[in-house]
Structures are given as C-alpha cells and as structure tokens.
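The next block holds one structure in the form of structure tokens; read it before the comments.
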2 protein chains.
Amino acid sequence: MNFSVTEENHIKAIFHLQQGEGTVSTNDLAAELHTKAASVTDMLKKLKAKKLLSYERYKGVRLSVEGKKLALAIVRKHRLWEYFLVDTLQFGWDEVHEVAEELEHISSKKLVEKLDAFLGYPKFDPHGDPIPDSHGKMAVQQQVNLIDLAINKTAEVSAVGSQSTELLELLKHKNIGIGTRLEIKKKFSFDHSIEIKIKNQNAFTISQQLAQVLFVKII
Amino acid sequence: MNFSVTEENHIKAIFHLQQGEGTVSTNDLAAELHTKAASVTDMLKKLKAKKLLSYERYKGVRLSVEGKKLALAIVRKHRLWEYFLVDTLQFGWDEVHEVAEELEHISSKKLVEKLDAFLGYPKFDPHGDPIPDSHGKMAVQQQVNLIDLAINKTAEVSAVGSQSTELLELLKHKNIGIGTRLEIKKKFSFDHSIEIKIKNQNAFTISQQLAQVLFVKII
DNA sequence: ATTTATTTTTAGACAAATCTAAATTTATTT
DNA sequence: AAATAAATTTAGATTTGTCTAAAAATAAAT
C-alpha cells in the first residue's frame with residue numbers, strides 16, 4: 001500500500017498526539033498540522049476507509065494496528081535521516097528537522113534498511129529520541145524531565161520536547177544542546193524556575209517552561 | 001522559487017529531450033512522462049507563465065536560461081543521490097534509478113552541497129553520466145557509442161543510454177555492466193549487429209538496438 | 001435543565017493535475 | 001492545391017486536498 005505525503009503527515013500527527021494511548025481530537029490535529037478542522041475531518045474519513053484508524057464522528061480518532069505500523073515506519077525514517085544528516089553530513093542538530101520532514105516520505109524500504117545498516121543501527125536520533133527498529137520496536141531511554149532532576153546530580157541533556165525555531169533559538173542563546181552536562185543548583189517554588197550550572201560557566205536560571213521541554217540522562 | 005514534483009519532472013524531461021539544442025514536441029514529452037498530450041499542453045502554459053521556458057502554441061518548447069538552471073539542479077541531485085546509493089549504501093548500479101527519482105525532489109540546497117562534499121565531489125554517476133557541479137557545469141567524458149568503436153580495441157562500458165527495466169534485464173542476462181571490458185570482433189552490415197568478446201568468455205553477438213545504448217571509454 | 005460556548009461536521013466552492021473527446025492547426029500525400 | 005493524416009490545443013469532467021460558512025452535536029456554565 002502506498003500513501004500520499006498528506007496522508008502520512010496525518011498519521012504521524014495522530015501518532016504523536018496519541019502518545020501511546022488515548023484518543024485525539026479533530027481540533028488538536030488541525031493545530032498540529034497547520035490546517036483547518038474541516039480538512040482534518042475529510043482526511044479522517046479517507047484514512048478510516050483505508051483502515052489506518054478507527055473514527056466515529058464527534059468521538060475522536062485512534063490509530064489501528066496498521067496505522068501504528070505506518071506511523072512507526074515514518075518516525076523510523078525521520079529519525080534515521082536526522083541521524084544521517086548530523087552524523088554523516090555534519091549538519092547541526094538544530095537544523096535537520098525540516099529536511100528530515102521531506103526525507104521521511106521517500107518510499108523505498110530497501111533504502112531505509114541500507115541506511116540503517118550504514119549508520120550502524122543507531123538507537124537514538126540527534127535529539128535523543130529513540131529510533132524504531134525495522135519491526136517498530138524502540139529502546140526505552142532512562143531519561144527524566146529536567147524539572148524532576150534532583151539537586152546536585154550531574155546529568156546530560158538527551159532530548160528536547162520540541163523542535164520549534166523559538167525553542168532552538170533560546171537553547172542556542174543559553175548554550176544548551178544535546179550532550180550538555182549540567183546540574184541543578186536551586187529550585188524556586190514561586191515560579192518553578194530552576195538555577196542550573198554548566199561546567200566552566202556561571203550558574204543561571206531557566207524558566208519552568210524551558211525546563212519542561214528538556215530531558216536529561218543521569219550519569 | 002519552489003516547484004512541484006510534476007513541474008520539475010516536466011522541466012527535466014524537456015532538458016533530456018532537448019539534449020543541448022533544438023525544440024521539443026508535446027507528443028514526445030507526453031511519451032517521456034507517461035502522460036497525455038493534453039496534460040502536457042496545460043503544464044507548458046503554466047511553466048511559461050513561470051518563465052522557465054519559451055513556448056508558442058503548435059511550435060514546440062525550449063527551456064529558458066532559468067529553466068536550464070533548474071534542470072541542471074535536478075540532474076545534479078539525481079546523479080549525486082545515485083552515486084551515494086551505489087558508493088555509500090552499496091546498492092547495485094541497476095537498482096538506484098527509481099529511488100533517485102524520488103530523492104531528486106528534496107529541496108534543501110544545503111543538503112545537496114553537504115552530500116556532494118561527503119562524496120568527494122564525484123564527476124560521474126554510477127551509470128557514467130556526468131554530475132553537474134554547483135554552478136551547473138559538467139565534465140565532458142571521452143566516451144563513444146559502442147556502435148562506433150573500432151574493431152579489436154579494448155574498451156570499458158562507461159554508460160548506458162537508458163534505465164528501463166527491459167534494458168537492465170537484458171544487460172544482466174548478457175553479463176554486461178558498467179566497467180565491463182570488451183572488444184568488438186566483427187560488425188555485420190546486414191543488421192548492424194556486432195560480435196563482442198568479454199575476457200574469459202566466448203564471443204557473442206548483440207543487436208544494433210543494444211549496441212546503440214551502450215557507451216564505452218577506450219582504454 | 002436551559003442557555004451559552006465550543007467542537008466537529010456538512011455543504012459547497014476552489015485550485016492543481018489529470019483525463020477524454022472534440023476542434024483546430026500543421027504536415028504530408030496524391 | 002485539395003484532401004488526408006498527424007499533432008496539438010481547447011473544452012469540459014474528475015480526483016485530491018484544501019478552504020469558508022453554516023449546521024449539528026457535545027460540553028460547560030449559570
């Protein structure tokens with residue numbers, strides 16, 4: 001079975017919003033896809049007919065087994081390409097998302113398998129997100145939200161919760177990236193901001209909003 | 001400026017049929033693109049409006065300077081990806097065409113330049129065709145049509161004139177590929193078939209049609 | 001438990017890319 | 001040069017993905 005780029009993007013968006021379990025609303029999907037609710041409804045009917053999801057009107061949507069399989073295949077391609085761009089072609093980790101959005105729709109199965117082998121079957125992409133293997137299985141990473149990290153435990157930034165330009169700009173300014181080692185010096189309960197320290201730098205504070213999208217691996 | 005896959009495919013087809021100079025007919029384009037003449041006419045009007053080509057109804061079409069630039073950029077991407085697939089990912093040279101047809105439409109300029117650098121700025125793709133550089137310049141290869149090769153001169157197959165499944169099947173059966181060394185033993189003027197000999201194999205004859213799509217480099 | 005607000009769907013329209021069939025232009029024959 | 005054939009274009013229809021505006025269903029609030 002072959003699917004259009006639009007169809008694949010809907011499946012991917014549902015997968016991300018569904019986040020393991022739960023049902024996804026038309027409005028949330030429209031926001032995620034930068035489109036309108038009416039367009040989403042049309043597409044849901046189409047994807048239901050193709051048995052990629054279960055959908056009853058006004059009741060939200062949820063991927064079928066087939067749909068999840070497709071979503072995982074797309075996520076796999078996206079993350080493998082991101083790994084390739086950063087690891088092989090020396091892109092910065094913050095400039096690969098848009099390119100991978102295009103590359104993830106290249107259909108050749110053989111290409112994906114050969115690419116995976118060439119890269120050495122990586123388990124995590126440059127943002128720290130796990131790469132599904134050819135059966136759709138992903139490694140689980142023992143990562144923790146920065147908000148939840150204990151004080152004075154050294155940890156390494158392993159993932160960021162979004163790839164928005166705004167976030168990447170802020171991270172660049174604060175000099176935080178994947179692999180950055182830091183520890184928490186203080187937590188302020190008033191606004192839930194936290195003071196962090198990166199080796200050889202002065203401590204500084206970051207907002208709750210920022211801490212919530214940073215994931216770290218305890219070392 | 002950004003163009004759709006369909007628009008790019010039309011530009012590429014015109015470029016190939018134009019072959020340096022001359023004007024291209026609607027019917028030839030329709031055949032090349034596996035579409036209908038009426039559809040081509042519609043697209044030509046659109047591409048003319050975008051100033052990629054000059055076109056007067058009933059008079060054929062020819063690429064503008066802008067159009068040629070776009071065509072060369074697409075050809076560059078196609079051939080770089082083919083090189084990558086064969087050289088880096090270990091694809092067979094006869095199984096990369098379809099995948100490259102998809103990859104050539106990925107838009108990121110930075111990706112192309114980084115890929116080119118990673119591959120070491122190759123000058124020829126796995127089929128022996130020259131890869132345009134970032135300014136659109138291609139190396140000229142001293143290759144000759146097999147039909148024109150002198151008798152008893154050893155030569156190496158450097159390019160094939162088409163990537164059709166039918167041709168590739170025949171080449172596989174005859175055990176001919178890029179890099180194959182051979183010499184011509186006899187030319188038969190009756191049907192213009194030629195008898196060729198590959199080292200350690202018995203001589204055999206190939207048809208004019210086949211010889212005409214094989215290009216060789218004299219060693 | 002009504003009213004009000006929100007979400008979602010339907011209805012109808014539109015642009016892109018395609019097609020078939022008919023009309024038009026150009027090329028070829030006799 | 002008139003008749004015939006071939007190539008090309010136009011006209012009108014179709015499919016896919018999208019939209020706006022109005023209607024319908026569900027959720028929230030008084």
Side-chain angles (χ1 to χ4, degrees), chain A residues 1-19 22-63 67 70-71 74 101-102 104-105 107, chain B residues 1-19 22-63 67 70-71 74 101-102 104-105 107:
Chain A
M1 208 44 51
N2 237 13
F3 303 98
S4 75
V5 168
T6 312
E7 288 171 333
E8 291 194 351
N9 282 337
H10 280 248
I11 293 295
K12 196 179 53 151
I14 297 166
F15 180 80
H16 282 135
L17 293 176
Q18 197 172 283
Q19 197 54 20
T23 164
V24 178
S25 79
T26 305
N27 254 8
D28 287 356
L29 267 174
E32 175 87 2
L33 291 161
H34 306 106
T35 181
K36 298 299 156 73
S39 310
V40 171
T41 300
D42 289 345
M43 187 56 73
L44 293 182
K45 287 189 214 158
K46 195 173 151 195
L47 294 174
K48 182 188 180 176
K50 294 192 177 189
K51 301 194 183 306
L52 292 173
L53 44 81
S54 57
Y55 162 67
E56 296 297 329
R57 66 201 205 304
Y58 295 106
K59 303 270 172 145
V61 67
R62 141 191 329 237
L63 292 181
L70 175 58
I74 300 166
E101 287 285 297
E102 286 188 66
E104 72 189 3
H105 301 293
S107 60
Chain B
M1 210 46 46
N2 239 13
F3 303 98
S4 74
V5 169
T6 311
E7 289 170 332
E8 291 194 351
N9 282 337
H10 280 249
I11 292 295
K12 197 179 51 152
I14 297 166
F15 181 80
H16 282 136
L17 293 177
Q18 196 172 284
Q19 197 54 18
T23 165
V24 178
S25 78
T26 305
N27 254 8
D28 287 357
L29 268 173
E32 174 86 3
L33 291 161
H34 305 107
T35 180
K36 296 301 156 71
S39 310
V40 171
T41 299
D42 289 345
M43 187 57 73
L44 293 183
K45 286 188 213 161
K46 197 173 149 194
L47 294 175
K48 182 188 179 176
K50 295 192 176 189
K51 300 194 184 303
L52 291 173
L53 44 81
S54 58
Y55 162 66
E56 296 298 328
R57 67 202 206 302
Y58 296 106
K59 303 273 171 142
V61 67
R62 139 194 325 241
L63 292 181
L70 176 57
I74 301 165
E101 287 285 297
E102 284 189 68
E104 72 188 3
H105 301 293
S107 60

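Given the structure is predicted, the values throughout are model-derived calculations rather than measurements. The sequence lines fix the lettering, A, B, ..., with proteins before strands; numbering per chain opens at 1. The basis for the numbers below is simple: all heavy atoms, side chains too, and nothing from hydrogens, waters or symmetry mates.
- For Ala38(A), the listed nucleotide lying nearest its side chain is dT10(C); candidates were dT18(C), dT10(C), dT9(D).
- For Ser25(B), the side-chain atoms get nearest to dT8(D) when compared with the rest of dT8(D), dT20(D), dT18(D).
- Ser39(B) comes within contact range of at least one nucleobase, with a heavy-atom separation under 4.0 Å.
- Taking only side-chain atoms of Thr26(B), from C-beta outward, the nucleotide of dC19(C), dT10(D), dT9(D) with the closest atom is dT9(D).
- Using Watson-Crick or G-U wobble geometry with both donor-acceptor distances under 3.5 Å, dT18(C) finds its partner in dA13(D).
- Taking every side-chain heavy atom of Thr35(A) into account, dT18(D) is the closest of dT10(C), dT18(D), dC19(C).
- Shown here, dT3(C) forms a base pair with dA28(D); the pair counts as Watson-Crick or G-U wobble because both key distances fall under 3.5 Å.
- No side-chain heavy atom of Val5(A) sits less than 4.5 Å from a side-chain heavy atom of Glu102(A).
- The side chain of Tyr58(B) has dT26(C) as its nearest neighbour among dT9(C), dT26(C), dA21(C).
- Picking from dT18(D), dT10(C), dT18(C) the nucleotide with the shortest atom distance to the side chain of Thr41(A) gives dT10(C).
- Straight-line distance from the CZ atom of Arg57(B) to the C1' atom of dT24(C): 9 Å, rounded to whole Å.
- To the nearest 0.5 angstrom, Glu7(A) atom CD is 9.0 Å from Leu70(A) atom CG.
- Comment: Glu56(A) engages Lys48(A) in a salt bridge, judged by a side-chain N to carboxylate O separation of less than 4.0 angstrom.
- Following rounding to the nearest Å, Asp42(B) (CG) and dA11(D) (C1') show an atom-to-atom distance of 10 Å.
- For Met43(A), the side-chain atoms get nearest to dT18(D) when compared with the rest of dT18(D), dT9(C), dT8(D).
- For the pair Lys59(A) and Thr23(A), the tightest heavy-atom approach, listed with the atom from each and the gap, is O-OG1, 3.7 Å.
- Here the nucleotide nearest the side chain of Asn27(B), chosen from dT7(C), dA7(D), dC19(C), is dA7(D).
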